[in-house]
Structures are given as structure tokens and as C-alpha cells.
**Student:** 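The structure that follows is given in the form of C-alpha cells.
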Amino acid sequence: MKLIGTLIKWLLFLCFWPIALPVWLINRSKKKTSSNPIQTSNIQPTAIPQQTTAQTVPNDIDLANFTINIQTNRAVIPTESKAVCKDFSFIDFGKPAGSIDRFVNFSEFKVSGKNDNSKTVYRTVQALSEQDAIQRCLQEGLKQPLSAKLIATPEATERQIDYLRDMDVCFPEEINKYVASDIISRAVGEDSIESPQPWLISLANNLHICYTSYIGHDGLFRKTVMHSGAKNNAALYAYAVDQNVHGQSFGNMFDVPYYNKYYSFAELIQSDASLMKSLAGRNSDDFLNPQKNTNIYKAAVKFLVDNHA
């Protein structure tokens, strides 16, 4: 029986040794590994670089600086409705960021003075300085004594802000009522897309015109020739006629060496009600292409010929 049992064991071994041998080798290897563990305390894990997403500027918002007369930028904040918004250039007045007056070249003043009945009256005016505000009111008929007090520039209204956002138009954080109005005018096509050209900025500054950084070229031209005061308006018209007669386009009147002659014409017609009425009937287009059949045009041509302009 003992012999039979030994024979059976050998038969089983011969049948199953291909399986048993690998198992035995694996177990032997594990025992060796556990008896000689690898020291890992000084091994540092390999750092996996973090993937970063670059913040890119939308292609249709140009933040590059460019020059008009003084440095002009495009610095905007997006509307809430879209990440990308329509953008307009603006004139950089060099004022510090954060001020509500950053994008206007003027301040607002409350001026007190006397009317024809010696009663004290008050007017709110835009001016480049306190003295400029008083001078404007004197020209409008207020009597001395005059005093001017600086007042806060009104903020943009909720209606203006909502309208800008509805049109997906970019606007600066320091926006006031007048800046919003000029941006809206450009957005709806009432003013030109382009900022004013250098010659027009220089002309407007010489005439103490109040304007915002966001006014377009056409808007500043209209304001300059139509709202510069009666004497300046007459001088500008004489200049426009002079340019027209010589086949030249309208530019900066103060670049003409004899521009004082235009002011001589303005003084000459101040007492002529008929000519002043004819001048009052002109619009901004008449300064670009004067109508030759008007009394004011004929008077300007005669004056220029007589004075060899």
C-alpha cells in the first residue's frame, strides 16, 4: 500500500509540475523582496507640470496705442451681456484713472451774477477754468459782480448705461453723462466713428471748446464752428470763405499767418443785423462748402478782396 501511495504522488507531480514550478518561483521571489526592502525615503516624486490657459485679448478689441494729436488709447471694460464689445477710440487728456472727469477737458461751474433788472441769477456752465466760466457768462449778458463755484460732474444715467449694454458697446469705468452721450452718438451713427484729427483738436483748444475724450471728428467739428461764440463763429466763417475761394479745404484757422484779419471781419459785422442774421442761418456744412448766394458769403468775399487776404 505504501508503494502504491508513493507511485500516485509521483504521477500527480509529473502531471502538474508545469503549473507548480512557476508558483513556487514567484513565492520564492516575494520572500527575497520582503527580506531586502528598497529604501525609498530619499526618492522624490517627478513633478507633473500644471497645464495653464493663457488669457487672450479678443481679436476685435484693439488695445494698441495710437496717436491722434496727444496720445490716444483704447482702454475699455466689457459690457455684462457679452465678453466682446464694440470699442471706440478716445483722446487721452492725461488725467489720472479713477476720476469721473478723466474723459472731459472741462469742469462744471455754478455761476451767479446780475441780470438786467439787477436780480441775482444762477447759471450752470461748462468751462475750462473758473475765469473761463465767468467770461462765458459775461458774454451771455450777465452783469458783475460774478462768482463761480465748481460743482460735481453728473454721472451717467441708468438709462444711458442700459442703452450702451443693449448695443454691446464698450465704455470706460469712469463714465459720466457727457461721455455716455458722445459714445452713444458714435454707436448709433449720429457722429463719426473716427476720433478728431489733430488739426481739429488744436483748433478746438485754441477756441476753448469744451468736449469729451469720446467725441467723434464730425461732432467736434460741429461744436467748434457752431458753439464757439458769435465773434469766433464769424471769424471761422471768413476763414472758410477764404479757403473756399482759394480751393483749399477747411483746417486750423490759426495756422494762417494773417488769421487776425478774420477777426477784423467779425468785428466789422457785429453791428450789422442783416449780416448777423445771415450768418446765424449757416450750419456746419456751410463752413465746409459755403453757399455763394448768401449775404454773409458775399460780404466775406468783398472784405477779403479789399484787405488782400
Side-chain angles (χ1 to χ4, degrees), residues 106 111 113 115-117 121 123-128 132-143 146 178 181-182 185 190-192 196 199-212 215-246 248-256 258-307 309:
F106 58 87
V111 181
N115 62 11
D116 292 337
N117 298 322
V121 293
R123 291 183 183 175
T124 299
V125 297
Q126 297 174 358
L128 304 185
D132 187 39
I134 292 175
Q135 187 62 35
R136 287 172 186 263
C137 288
L138 283 172
Q139 292 174 354
E140 292 174 3
L142 279 188
K143 305 292 191 298
L146 273 72
Y178 308 113
S181 179
D182 280 346
S185 292
E190 293 178 355
D191 194 0
S192 52
W199 66 263
L200 180 54
I201 294 174
S202 180
L203 176 62
N205 291 343
N206 273 287
L207 295 173
H208 291 196
I209 301 298
C210 297
Y211 60 96
T212 81
I215 196 169
H217 182 86
D218 291 348
L220 185 56
F221 179 78
R222 287 192 294 267
K223 180 171 284 193
T224 300
V225 300
M226 302 304 296
H227 302 285
S228 57
K231 188 174 181 180
N232 288 327
N233 182 250
L236 285 168
Y237 186 79
Y239 165 74
V241 172
D242 193 18
Q243 293 294 94
N244 180 260
V245 168
H246 292 91
Q248 298 178 2
S249 60
F250 194 99
N252 185 359
M253 177 180 69
F254 296 99
D255 287 340
V256 178
Y258 52 86
Y259 72 86
N260 284 329
K261 288 188 177 182
Y262 305 136
Y263 280 98
S264 296
F265 171 77
E267 292 175 358
L268 181 67
I269 69 169
Q270 293 298 304
S271 59
D272 191 318
S274 175
L275 290 179
M276 291 301 292
K277 182 178 180 180
S278 180
L279 177 62
R282 305 304 101 218
N283 59 32
S284 59
D285 290 338
D286 285 312
F287 287 76
L288 296 174
N289 297 292
Q291 296 185 31
K292 299 180 180 181
N293 60 341
T294 61
N295 290 336
I296 189 66
Y297 180 89
K298 295 173 183 177
V301 169
K302 183 178 185 307
F303 173 87
L304 293 170
V305 170
D306 291 345
N307 290 272

**Student:** Hey, could you give me the CG/OG distance between L207 and S202, rounded to the nearest 0.5 Å?
**Tutor:**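 Here the interatomic distance stands at 9.5 Å.
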**Student:** Begin with the C-alpha distance, continue with both residues' side-chain angles, and end with the deciding distance and a verdict on side chain to side chain contact (heavy atoms under 4.5 Å, CB included) for L279 and L275.
**Tutor:** CA-CA 6 Å; L279 177 62; L275 290 179; over 6 Å; no
**Student:** We want to know whether T212 and D182 form a side-chain donor-acceptor pair, criterion being a heavy-atom distance below 3.5 angstrom.
**Tutor:**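 Looking only at side-chain atoms, D182 and T212 do form a donor-acceptor pair, the distance falling under 3.5 Å.
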**Student:** Ignoring hydrogens and angles, tell me if any N or O in the side chain of N289 forms a donor-acceptor pair with the backbone of D286 under 3.5 Å.
**Tutor:**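 Checking the backbone N and O of D286 against the side chain of N289, no donor-acceptor pair under 3.5 Å is found.
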**Student:** Are any side-chain N or O atoms of Q248 and backbone N or O atoms of N244, one a donor and one an acceptor, separated by less than 3.5 Å?
**Tutor:**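 Between the backbone of N244 and the side chain of Q248 there is no qualifying donor-acceptor contact (under 3.5 Å).
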**Student:** In terms of heavy-atom contacts, does NZ of K143 have more than 12 from other residues, nucleotides or ligands at under 6.0 Å?
**Tutor:**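 Enclosed: over 12 neighbouring heavy atoms sit under 6.0 Å from NZ of K143.
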**Student:** Calculate, to the nearest 0.5 Å, the distance between atoms CD and CD belonging to Q135 and E140 respectively.
**Tutor:**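 With rounding to 0.5 Å, CD (Q135) is 11.0 Å from CD (E140).
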**Student:** State, to 0.1 Å, how close C210 and L128 come at their nearest heavy-atom pair, and which atoms those are.
**Tutor:**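 Minimum heavy-atom separation between C210 and L128: SG-CD2, 4.1 Å.
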**Student:** With rounding to the nearest 0.5 Å, note down the distance linking CG in L203 to CD1 in I209.
**Tutor:**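 One gets 8.0 Å once the value is rounded to the nearest 0.5 Å.
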**Student:** Measure across E267 and K231 and return the closest heavy-atom pair with its distance rounded to 0.1 Å.
**Tutor:**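 Shortest heavy-atom contact: OE2-NZ, 3.1 Å.
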**Student:** When you compare the side chain of V256 with that of Y262, does any pair of heavy atoms fall below 4.5 Å?
**Tutor:**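 Counting from C-beta outward, Y262 and V256 do come under 4.5 Å.
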**Student:** Tell me the closest heavy-atom pair linking A240 and P290, and the distance in Å.
**Tutor:**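 Shortest heavy-atom separation between A240 and P290 comes out as O-CG, 4.1 Å.
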**Student:** Could you check M226 against F221 for side chain to side chain contact (heavy atoms under 4.5 Å, CB included), going step by step and ending with a plain yes or no?
**Tutor:** CA-CA 8 Å; M226 302 304 296; F221 179 78; over 6 Å; no
**Student:** Distance from Q291 atom CD to I296 atom CD1, nearest 0.5 Å?
**Tutor:**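 So the CD of Q291 and the CD1 of I296 are separated by 12.5 Å.
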**Student:** Looking only at heavy atoms, which two atoms of A234 and I269 are closest? And how far apart?
**Tutor:**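 A234 and I269 have their closest heavy atoms at CB-CD1, 3.8 Å.
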**Student:** Are any of the side-chain heavy atoms of N307 and S264 separated by less than 4.5 Å?
**Tutor:**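 Not touching, per the 4.5 Å side-chain cut-off.
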**Student:** Between the side chains of D242 and Y258, does any donor sit under 3.5 Å from an acceptor?
**Tutor:**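 D242 vs Y258: donor-acceptor pair found between side chains.
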**Student:** I'd like to know if the side chain of D191 and the backbone of S185 have a donor-acceptor N/O pair within less than 3.5 Å.
**Tutor:**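 Here the side-chain-to-backbone pair does not exist.
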**Student:** Which atoms form the tightest heavy-atom contact between C137 and L146, and what is the distance?
**Tutor:**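 Closest pair (atom of C137, atom of L146, distance): CB-CD2, 3.8 Å.
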**Student:** Would you call E190 and D218 a side-chain contact if the rule is heavy atoms closer than 4.5 Å?
**Tutor:**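 Side-chain contact under 4.5 Å: no.
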**Student:** Going through the checks in order, is the side chain to side chain contact (heavy atoms under 4.5 Å, CB included) test met by R136 and H208?
**Tutor:** CA-CA 10 Å; R136 287 172 186 263; H208 291 196; 4.1 Å; yes
**Student:** Distance check, rounded to the nearest 0.5 Å: M253 atom CE versus Q243 atom CD?
**Tutor:**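 So the CE of M253 and the CD of Q243 are separated by 11.0 Å.
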**Student:** Which atom pair, heavy atoms only, marks the closest approach of D116 to G141?
**Tutor:**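 Of all heavy-atom pairs spanning D116 and G141, the closest is OD1-O, 4.5 Å.
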**Student:** Is the gap between the ring centers of F250 and Y239 under 6.0 Å?
**Tutor:**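 Yes; Y239 has its ring centre under 6.0 Å from that of F250.
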**Student:** Checking ring pair (Phe, Tyr, Trp, His ring centres under 6.0 Å) between Y237 and each of Y297, F287, F303, which is the one that passes?
**Tutor:**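 Testing each of Y297, F287, F303 against Y237, the sole residue satisfying ring pair (Phe, Tyr, Trp, His ring centres under 6.0 Å) is F287.
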**Student:** Just verifying a value: how many Å separate S284 OG and L236 CG, rounded to the nearest 0.5 Å?
**Tutor:**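 So the gap between those two atoms works out to 12.0 Å.
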**Student:** With side chains defined as the heavy atoms from C-beta onward, is the minimum distance between F254 and N205 less than 4.5 Å?
**Tutor:**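 Result no, sub-4.5 Å side-chain heavy-atom pair not found.
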**Student:** For Y263, what residues pass the ring pair (Phe, Tyr, Trp, His ring centres under 6.0 Å) criterion, not counting sequence neighbours?
**Tutor:**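 Once residues adjacent in sequence are excluded, Y263 has no partner under the ring pair (Phe, Tyr, Trp, His ring centres under 6.0 Å) criterion.
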**Student:** Given L304 and F265, is the side chain to side chain contact (heavy atoms under 4.5 Å, CB included) satisfied, shown in steps?
**Tutor:** CA-CA 8 Å; L304 293 170; F265 171 77; over 6 Å; no
**Student:** Does H217 offer a backbone N or O that forms a donor-acceptor pair with the side chain of S192 under 3.5 Å?
**Tutor:**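 Answer holds: yes.
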